[in-house]
Amino acid sequence: MKRFQSKMQIKQPIDVENSINSGQVFLWRKNKEFWYGVNGQDILEVNKNGKIKSLQNYKTDFFRNNDNFDEIIKSISKDKIVKNAVKKYPGLRIIKQDPFQCLISFIVSSNSNIQKIKTNLENISQKFGERVEYKDQEFFLFPNAKTLSKASITEIKNCGVGYRAKFIKEASKIFASEKIMIDDLKSSDYFDAKKKIRIIPGIGNKVADCILLFSLDKLESFPLDRWMIRILEKYYSKKFQIDTKTITEKQYDILHEKIVDYFGLYAGYAQQFLFKMERENYQKKWL
DNA sequence: TCGAGTCCTTCCGC
DNA sequence: AGCGGAAGGACTC
């Protein structure tokens with residue numbers, strides 16, 4: 001019995017509420033005891049324990065249950081700051097989402113805020129995605145790359161995305177043309193995958209890191225947005241000296257290297273815990 | 001109510 | 001290479 005237990009990995013519970021409300025996904029809403037969300041061509045229903053039912057029955061490890069959390073938590077717990085954040089949100093997960101939806105979501109997120117990103121993406125889904133019914137509710141699937149690539153800039157602009165409309169169209173074109181392929185990105189290492197998606201207009205350093213972390217299994221990716229820079233300045237100023245508020249391309253790369261040196265190959269998880277903690281400290285709104 | 005500042009950045013042109 | 005400015009529009013104070 002004892003031997004069996006020691007070999008068995010203890011299944012860590014999922015904190016669904018906080019995982020969905022941590023800036024990773026946007027097309028989600030709560031109805032009674034369930035969360036419902038659009039994930040590419042699928043609609044998911046999630047209960048409070050993280051059990052998933054879906055419209056299409058696609059099998060995805062949405063909450064990354066296959067990750068080894070004992071190892072990850074141990075690996076990233078380098079200091080009091082991370083340890084406290086982990087303690088506060090023990091069931092916080094990195095979400096593995098539909099890559100195309102993720103890519104468009106974070107192009108839209110650039111220089112924006114959660115409320116606006118959500119509205120923009122809802123508009124895109126409603127306008128270009130297929131209407132479906134699931135569990136007596138109406139949803140719109142996220143449009144596929146081919147559909148979006150054929151939309152006019154004006155139509156996309158009408159979703160409220162402004163100057164990002166042409167990026168969205170171009171990104172969809174590249175995605176649909178198979179110049180960029182998911183399987184290839186997944187099997188590439190972090191640097192190669194990043195290089196490949198950085199070709200797409202609207203994808204800079206930070207957006208690329210979000211896409212890699214939230215849909216392409218690159219757990220060493222550590223998106224450095226305004227908030228993370230602020231967090232590093234506040235808690236880690238001695239470890240990572242940050243000279244300016246708007247960091248350049250080169251500074252970003254150097255900083256990322258230092259971060260992975262420090263937090264290890266699961267740095268992305270550290271980022272998620274820190275980000276969640278600090279946004280809650282400032283009582284920022286989520287979905 | 002109003003206006004100014006802010007916002008999970010990227011791109012462009014110098 | 002490195003910088004400053006612009007890009008929509010909703011939200012906040």
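Here is the naming used below: chain letters follow the sequence lines, and residue numbers restart at 1 for every chain.
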Review point. Who are the side-chain contact (heavy atoms from CB on, under 4.5 Å) partners of A:Lys195, not counting sequence neighbours?
Key: A:Asp192
Exercise for review: Report the residues that fulfil side-chain contact (heavy atoms from CB on, under 4.5 Å) with A:Ser109, sequence neighbours left out, ordered by chain and then residue number.
Suggested key: A:Phe106, A:Ile117, A:Lys206
Point to revise | Whole-Å gap separating P (B:dC7) and CZ (A:Arg279) | key: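 Going from CZ in A:Arg279 over to P in B:dC7 covers 10 Å.
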Please, which pairs that meet side chain to side chain donor-acceptor pair (under 3.5 Å) have at least one residue in [range], sequence neighbours excluded?
range                       : answer
residues 168-181 of chain A : none
residues 259-269 of chain A : A:Asp67-A:Tyr269, A:Glu71-A:Tyr266, A:Asp79-A:Tyr262
residues 15-28 of chain A   : A:Asp15-A:Asn18, A:Glu17-A:Lys30, A:Glu17-A:Trp35, A:Asn18-A:Lys276, A:Ser22-A:Gln24, A:Ser22-A:Gln272

Review point. Taking only residues two or more places apart in sequence, or in another chain, which ones meet A:Lys116 in a salt bridge (charged side-chain N to carboxylate O under 4.0 Å, His left out)?
Key: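 Here no residue qualifies.
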Check your understanding: salt bridge (charged side-chain N to carboxylate O under 4.0 Å, His left out) with A:Asp42: which residues, sequence neighbours excluded?
Key -> none
Review point. If the sugar-phosphate is the primed atoms plus P, OP1 and OP2 and the base is the rest, what is the B/S/- string for nucleotides 5-11 of chain C, using protein heavy atoms under 4.0 Å?
Key: --BBBBS
Please enumerate all protein N or O atoms sitting under 3.5 Å from an N or O of nucleotides 11-14 of chain B, with distances to 0.1 Å.
{"from": "B:dC11", "atom 1": "OP1", "to": "A:Gly202", "atom 2": "N", "distance (Å)": "2.6"}

Check your understanding: With pairs taken as Watson-Crick or G-U wobble and both distances under 3.5 angstrom, which stems of at least three consecutive pairs involve DNA chain C?
Key ->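 When the pairs of DNA chain C are grouped into runs of at least three, the stems are B:3-7 with C:9-13, B:9-14 with C:2-7.
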Study note, to complete from the structure: Residues at least two apart in sequence or cross-chain that pass side-chain hydrogen bond (donor to acceptor under 3.5 Å, both in side chains) with A:Glu278, listed by chain then number, are A:Lys234, A:Tyr235, A:Asn281
Review point. Taking only residues two or more places apart in sequence or in another chain, which ones pass side-chain hydrogen bond (donor to acceptor under 3.5 Å, both in side chains) with A:Asp217?
Key: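 Expected list: A:Arg64, A:Lys96.
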Study note, to complete from the structure: Contacts of A:Arg230 and A:Asn205 projected onto DNA chain B by closest heavy atom; the upstream (5') one is A:Arg230
Review point. Would a distance-only check, ignoring hydrogens and angles, find a side-chain to backbone donor-acceptor pair under 3.5 Å from A:Gln101 to A:Val38?
Key: yes
Practice item. Rounded to whole angstrom, note down the P distance from B:dC8 over to C:dT12. Key: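 Each nucleotide's P atom is 12 Å from the other's.
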